[in-house]
Amino acid sequence: MKVKFVLFCLISIIIVACSGSKGDIPLAKVGNNTLYYSDLKVEMPEGISAEDSIGIIKNLVQTWVMDELLAKESDDYLDKSEKDFTKKIENFKKSLLIFEFEKKWVLTHIDSNISDDEIKKYYDANPSEFELKTSIVKLKFIKVSQTQKENIKAQAKRLLFNSNMNDKNLVQKFCEEYAENFFLDDTVWLVYDDIVKEIPMSDVLSKDMVVTNKKIELSDNQFEYFVFVKEVKIKDEMSPASFESDNIKQVIIQNRKNKVLDSLYQNIYSKATSSGTYTIY
């Protein structure tokens with residue numbers, strides 16, 4: 001075993017050294033099957049060490065040997081009927097053909113445009129589907145390190161809480177330069193559980209979750225947090241349509257796909273019935 005390992009390493013070194021030539025060097029043999037270096041189709045990354053190259057090749061060879069041994073053992077262990085995969089291959093091929101056909105048919109026959117009116121109509125007609133499983137919130141925040149100067153912290157607070165501050169570019173540039181983290185788009189619904197991973201505000205909002213336009217200041221040993229909560233929706237409440245828009249689009253598209261396929265099946269069946277293509281005994 002030791003001799004074989006040394007020989008393997010020597011061969012691997014030769015292979016790495018001659019990787020540009022891709023010589024047909026035998027690496028392993030199981031029964032009558034031989035693995036050659038050219039079979040590996042491996043391209044070593046630039047700058048990789050000889051030791052790492054040998055490790056990569058060794059793993060590939062060991063995987064090949066195990067696969068060959070398993071195949072040989074399986075061939076010996078299973079009887080003839082268990083090794084006959086003709087029917088399974090035929091069924092698998094049939095499934096692939098149908099899948100590709102349906103996919104292409106849907107792509108060429110479906111309307112993927114969805115209007116806002118369609119989204120609203122579905123939302124209004126299916127309220128039971130839109131019960132919130134978790135609280136969501138619209139907010140903006142600026143997170144500043146405690147090591148920042150007091151005037152920077154004061155400016156962060158002023159910029160976030162001043163409702164007359166309309167220069168968003170100014171706030172953005174300030175945050176990019178001084179904030180540890182920030183989020184300024186309070187038109188977007190965010191999952192509340194994700195927010196509390198960034199801001200320690202769970203205790204604050206849990207006492208008065210339904211409050212809107214709430215200004216919150218928090219701090220810990222590392223950071224100052226300035227948070228403006230625009231709107232909150234609590235778990236088990238009706239989820240806003242804007243929050244569900246993408247999900248509704250997916251449902252509508254799926255419903256359209258089902259209709260396109262149902263129509264396809266009916267047409268194929270009707271055509272085959274008319275032409276006498278099939279017989280049911």
Side-chain angles (χ1 to χ4, degrees), residues 39-43 45 60 63-64 67 70-71 74 78 81-139 183-195 197-198 230-281:
D39 296 326
L40 294 180
K41 294 181 174 60
V42 60
E43 292 289 343
L60 291 171
T63 298
W64 180 86
D67 285 345
L70 280 171
S74 301
L78 299 174
S81 63
E82 291 172 323
K83 291 186 289 186
D84 184 3
F85 301 111
T86 305
K87 194 65 177 178
K88 289 182 179 179
I89 292 172
E90 288 177 358
N91 289 336
F92 183 62
K93 181 181 178 181
K94 187 190 302 180
S95 297
L96 287 176
L97 284 170
I98 293 172
F99 174 79
E100 291 298 329
F101 168 62
E102 290 181 343
K103 182 172 70 173
K104 185 174 181 179
W105 185 269
V106 166
L107 285 174
T108 55
H109 289 80
I110 194 172
D111 178 11
S112 58
N113 296 314
I114 301 173
S115 67
D116 292 339
D117 287 341
E118 287 178 283
I119 294 173
K120 185 177 186 305
K121 184 177 179 181
Y122 186 91
Y123 178 81
D124 292 340
N126 300 277
S128 61
E129 295 183 18
F130 305 113
E131 185 178 282
L132 282 170
K133 301 295 187 272
T134 184
S135 298
I136 57 176
V137 59
K138 285 182 179 179
L139 57 71
F183 186 81
L184 303 175
D185 189 355
D186 60 4
T187 66
V188 177
W189 285 105
L190 304 173
V191 176
Y192 183 67
D193 290 342
D194 293 336
I195 292 299
K197 294 175 184 177
E198 184 66 29
K230 183 178 179 180
E231 192 174 353
V232 177
K233 291 287 185 182
I234 313 250
K235 178 182 177 182
D236 298 329
E237 283 187 353
M238 184 81 166
S239 179
S242 59
F243 187 70
E244 299 292 345
S245 177
D246 288 342
N247 293 332
I248 293 173
K249 286 179 181 179
Q250 291 179 12
V251 172
I252 292 174
I253 288 293
Q254 187 59 53
N255 289 342
R256 289 180 183 178
K257 286 181 179 179
N258 293 340
K259 288 181 179 179
V260 167
L261 290 175
D262 286 343
S263 177
L264 171 65
Y265 301 153
Q266 290 174 10
N267 289 337
I268 290 175
Y269 197 79
S270 296
K271 185 170 65 175
T273 300
S274 300
S275 62
T277 303
Y278 71 91
T279 302
I280 299 178
Y281 297 102

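In this chain, numbering begins with 1 at the start of the sequence shown. FYI, side chains are in, hydrogens and waters are out, and symmetry mates aren't considered; it's all heavy atoms of this structure. These figures come from a predicted structure and were not determined experimentally.
Using a 4.5 Å heavy-atom threshold, the side chains of Asp39 and Trp64 count as separate. Two residues are said to be in side-chain contact when any heavy atoms from C-beta on lie closer than 4.5 Å; Lys138 and Phe243 fail this criterion. Side-chain contact between Ile268 and Leu264: present, with at least one pair of heavy atoms (C-beta onward) separated by less than 4.5 Å. Side-chain contact between Lys249 and Tyr122: absent, with no pair of heavy atoms (C-beta onward) separated by less than 4.5 Å.
To the nearest 0.5 Å, atom CG of residue Asp84 and atom CG of residue Leu78 are 12.0 Å apart. Between atom OG of residue Ser239 and atom CD of residue Glu129 there is a gap of 11.5 Å, rounded to the nearest 0.5 Å.
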* Steps toward side-chain contact (heavy atoms from CB on, under 4.5 Å) verdict (Leu132, Ile234) -> CA-CA 7 Å; Leu132 282 170; Ile234 313 250; over 6 Å; no
* Before giving the answer on side-chain contact (heavy atoms from CB on, under 4.5 Å), spell out for Phe183 and Ile195 the whole-Å C-alpha distance, their side-chain angles and the decisive distance to 0.1 Å. => CA-CA 10 Å; Phe183 186 81; Ile195 292 299; over 6 Å; no
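Every salt bridge (Lys or Arg N to Asp or Glu O under 4.0 Å) that Glu198 has, sequence neighbours left out, goes to Lys143. Looking at residues two or more places apart in sequence or on another chain, you find a side chain to side chain donor-acceptor pair (under 3.5 Å) between Ser242 and Trp189. Remark: Thr134 pairs with Val191, Asp193 by the side chain to side chain contact (heavy atoms under 4.5 Å, CB included) rule, at least two apart or across chains. Residues passing the side chain to side chain donor-acceptor pair (under 3.5 Å) test with Asp236: none are found, sequence neighbours excluded. Scanning for salt bridge (Lys or Arg N to Asp or Glu O under 4.0 Å) contacts around Asp124 gives Lys120, with sequence neighbours left out. Checked against side chain to side chain donor-acceptor pair (under 3.5 Å), Lys83 has the following partners two or more places apart in sequence or in another chain: Asp75. Asn247 is linked by a side chain to side chain donor-acceptor pair (under 3.5 Å) to Glu244, counting only residues two or more places apart in sequence or in another chain. Applying the ring-ring contact (aromatic ring centres under 6.0 Å, His included) rule to Tyr269 yields the partners Tyr278; only residues at least two apart in sequence or on another chain are considered. Residues satisfying the salt bridge (Lys or Arg N to Asp or Glu O under 4.0 Å) criterion with Glu131, sequence neighbours excluded, are absent altogether. In this view, Asp194 and Lys197 satisfy the salt bridge (Lys or Arg N to Asp or Glu O under 4.0 Å) rule, not counting sequence neighbours.
Taking each heavy atom of Thr187 and Lys230 in turn, the nearest pair found is CG2-NZ, 4.5 Å. Here the shortest heavy-atom pairing between Lys233 and Pro240 reads CG-CG, 3.9 Å. Nearest heavy atom pair, residue Ile253 against residue Ile110, reads O-CD1, 3.7 Å.
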Please output the side-chain donor-acceptor pairs of residues 112-119 that fall under 3.5 Å, not counting sequence neighbours, one pair per line with the distance.
| unit_1 | atom_1 | unit_2 | atom_2 | d |
| --- | --- | --- | --- | --- |
| Asn113 | ND2 | Asp111 | OD1 | 3.4 |
| Ser115 | OG | Glu118 | N | 3.2 |
| Ser115 | OG | Glu118 | OE1 | 3.3 |
| Glu118 | OE1 | Ser115 | N | 2.9 |
| Glu118 | OE1 | Arg256 | NH2 | 3.3 |
| Glu118 | OE2 | Arg256 | NH2 | 2.6 |

Let me have the donor-acceptor pairs involving side chains of residues 90-98, under 3.5 Å, with sequence neighbours excluded, atom names and distances please.
| unit_1 | atom_1 | unit_2 | atom_2 | d |
| --- | --- | --- | --- | --- |
| Asn91 | ND2 | Lys87 | O | 3.3 |
| Ser95 | OG | Asn91 | O | 3.0 |

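Inspection of the Asn258 and Gln254 side chains reveals an N or O donor paired with an N or O acceptor under 3.5 Å.
Between Trp105 and His109, the ring planes lie parallel to each other; the angle is under 30°, not in the 30° to 60° tilted range.
Looking at Ser135, its side chain does come within 3.5 Å of a backbone N or O of Lys235 through a donor-acceptor pair.
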